[in-house]
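Take a look at the structure set out below.
Keep in mind the model is a prediction, meaning the values are calculated, not measured. All chains are named by letter (A, B, ...) in the order of the sequence lines, taking the proteins before the strands, and each is independently numbered beginning at 1.
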Amino acid sequence: MEVRPILSAMLRNKTAPLLIAAQVALTLAIICNALYIIRDRLSTAARPTGADETNLFEIRFYPHRPIADIRGMQIRDLEALRAIPGVRSVAWVNQIPLGQSSWNIGGLTTEPGKRDSNIQATYYFSGGSLIDTFGLRLIEGRDFQSSEVVESDPRKERAEPQVMIITRALAELLFPGAASVVGKSFYLGGSDDAKPVRIVGVVERLQSPSAPAGARAELSMIAPITYLDGYTRYAVRAEPGQRERVMAEAEKALLALSNDRVLLGKGGFDELRARRYSGERIMAGLLIAVTGFLLLITASGIVGIASLWVNQRRKQIGVRRALGGRRVDILRYFVTENAIITTAGVLVGLSLALALNHVLVGAIELPRLPLIYLGLGALVMWLLGLLAVSGPAWRAAQVSPAIATRSV
Amino acid sequence: MLKMQNLSKVYRTHMIETQALRGFDIHVREGEFVAVTGPSGSGKTTFLNIAGLLEEFSSGEYLIDGVNVAGLDDNARSRLRNEKIGFIFQGFNLIPDLNLFDNVDVPLRYRGFDSAERRRRIEQSLTQVGLASRQRHYPAELSGGQQQRVAIARALAGSPKLLLADEPTGNLDSNMARGVMELLEEINAAGTTILMVTHDPELAARAQRNVHIIDGQVSDLEHETRRALASLSTTPEAV
């Protein structure tokens, strides 16, 4: 390999190689981080909610006028929904995973009167079984008993639940290192009159409606509360393959029961997920476009400079051929020259990528860049360089040795 | 060393067909110093290109050092060129971004010699042309005569049997030209066959044999005729 003479010749004309190497370095730094952000955002968007997403849907209504007998309405609605063939389980719910609008309670603590706790969890409640209706996986304890369900009328005094089912993530946060949390108690805030809430069950996973990035998404708890509000939201779990039909029939059945309410919306998790993560998808799409654009610009730069060098050195190429260089030797010369520039750019780019990641970790809560992305980025840049230079190098290899004897 | 029989070269474009060489016969023996002369457009450069395997010919037969060139692929031609032929060009054709050492190294790398052998040959050939002390200099730091000496060193480094020189003194003043010519004569005296294309009858006269090309055909001139031609073309003072 004629690396040394190529390098020493390059050092006599540094500007163009330096510019290309800088372009490679910058592109590498950006694409490593961009690819990582894309992957991070897409994997965030793909996290399971813990619910039986395939078969579950929600249907929401809002009343035209005040409803006198809310409890009766809920009972009739639930019965009508259960009567639809293909319905597996139904529950009134205050919120639904990925629904974006959420009820949260902060200051959760295991010590009474502790006011400085920063543990916050999303607060699901229902008079029915969310374990059955959402299809949650109970990993410890039990579901609620009907005697534990309390009624809460927002127009009157708020009812306090005595028992709670929490997620594993919340259990680990409240009781770090505990082998079992069933039977343990915690408080919904640090006020003096806060009463203990006993944990009766732990579910593996239940995402909050907002589903923020990171572990906070699974800090959820479920209370056995029948909430008497005119606004109604039902979660319906259908038998496999029945969801679309059941959803259409549910709308008809509920509107037939009462015409003094309007349908606010209905839909499955595919729609909820698409709505919740549209920002992540747009960002990932933009980053993919920027990455593609950067790679194109860098490849164009390499093609441009390599083509220029081939044109400038036609005579020199002819002389090399006249002195015994084979076509493959000329091809190898330009590929080696490009590999030297790309390698220099890659080495600088790796440091730049780490520096950029350091900034992003602080700015957008991005985890540290795994080294595999640096390796992947370097490989992409090398392949890009090789691909970009192959055309000009091939043209160089076709230069006739006879050009060496031409006077112009 | 070099034998061409009934060789022809035709350049074709979609409009025109040009016969650059036709019925071309020449036989250069090992150790000869042959000057090739002829007017512009007579086919000298075409002959040199074909002799140096830089171009292919259209028909006929060409043997170099006993090897029939016809039918050789590009790699084989390159290998043959590298091993048997040294080139000296009118414009020197040194690579400006490489120092003298690396310039002379170019054909040796293509030959596949190891670094110790390449170094030995480079130093030996640069010493032969009197430029060993300047091997880290770049071509632009040398005079025209010195650059041509480097080009000769580059041509010699691979120990070729045949040296092809294309107007080797064409870009030099008379003093430098004389020096280069003396160097070529020394090289020839050491056994290397030289084929030199020149416009200069005085230089041609110093060769052992003169070949004249007109309209793509060759005519060997007798020694006396060459002398006469040389004296006619020189000034009375020079005579």
Side-chain angles (χ1 to χ4, degrees), chain A residues 1-18 20 305-306 308-338 340-341 393-408, chain B residues 40 44-56 73-99 101-112 115 136 138 140 151 154-155 157-158 160 164-167 170-171 197:
Chain A
M1 289 292 283
E2 41 188 338
V3 173
R4 191 194 53 75
I6 291 175
L7 193 60
S8 64
M10 216 184 287
L11 289 173
R12 284 174 59 83
N13 299 286
K14 290 188 274 288
T15 312
L18 277 178
I20 294 295
I305 202 75
L308 179 72
W309 284 340
V310 169
N311 288 336
Q312 283 177 339
R313 297 184 200 157
R314 284 181 67 78
K315 180 96 175 189
Q316 194 185 114
I317 296 164
V319 171
R320 285 179 179 275
R321 293 276 283 126
L323 297 176
R326 297 163 300 166
R327 287 194 173 117
V328 69
D329 293 318
I330 303 300
L331 197 71
R332 193 162 51 202
Y333 181 95
F334 281 92
V335 169
T336 305
E337 188 175 57
N338 179 262
I340 292 172
I341 296 172
W394 179 256
R395 283 198 299 280
Q398 306 312 309
V399 171
S400 164
I403 204 170
T405 55
R406 287 183 200 150
S407 52
V408 284
Chain B
S40 294
K44 297 192 300 296
T45 302
T46 302
F47 161 62
L48 195 77
N49 283 348
I50 290 172
L53 309 178
L54 304 181
E55 277 186 60
E56 294 188 39
D73 66 13
D74 190 74
N75 282 349
R77 292 166 70 89
S78 298
R79 172 62 64 190
L80 203 58
R81 203 155 57 221
N82 182 263
E83 286 177 1
K84 297 196 182 295
I85 305 170
F87 283 96
I88 303 167
F89 305 99
Q90 180 176 1
F92 324 135
N93 285 352
L94 297 175
I95 295 170
D97 294 324
L98 296 180
N99 62 28
F101 185 96
D102 288 336
N103 259 292
V104 178
D105 195 21
V106 171
L108 303 182
R109 280 181 182 271
Y110 294 141
R111 183 81 71 92
S115 62
R136 297 296 161 197
Y138 285 87
R154 180 177 66 185
L164 296 179
D166 181 16
E167 301 278 5
N171 284 6
V197 167

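Heavy atoms of D102(B) lying under 4.5 Å from chain A belong exclusively to its side chain. In this structure, the portions of P96(B) lying under 4.5 Å from any heavy atom of chain A include both its backbone and its side chain. In this structure, the portions of R321(A) lying under 4.5 Å from any heavy atom of chain B include both its backbone and its side chain. Looking at R12(A), only its side chain comes within 4.5 Å of chain B, counting heavy atoms on both sides.
The most heavy-atom pairs under 4.5 Å with chain A, out of D74(B), N82(B), L48(B), T45(B), come from D74(B). Note on G318(A), A9(A), S8(A), G324(A): by heavy-atom pairs under 4.5 Å with chain B, the leading option is G324(A). The most heavy-atom pairs under 4.5 Å with chain A, out of R111(B), R154(B), E55(B), come from R154(B).
Between W309(A) and P17(A), the closest side-chain pair of non-hydrogen atoms falls below 4.5 Å. Side-chain contact between Y333(A) and R313(A): present, with at least one pair of heavy atoms (C-beta onward) separated by less than 4.5 Å. Counting heavy atoms from C-beta on, the side chains of T46(B) and I50(B) come closer than 4.5 Å.
With 3.5 Å as the limit, one finds a donor-acceptor pair spanning the side chains of R320(A) and Y110(B). For D166(B) and Q90(B), the side-chain atoms include no donor-acceptor pair closer than 3.5 Å.
Under the 4.0 Å criterion applied to side-chain N and carboxylate O atoms, R332(A) and E337(A) are not assigned as salt-bridge partners.
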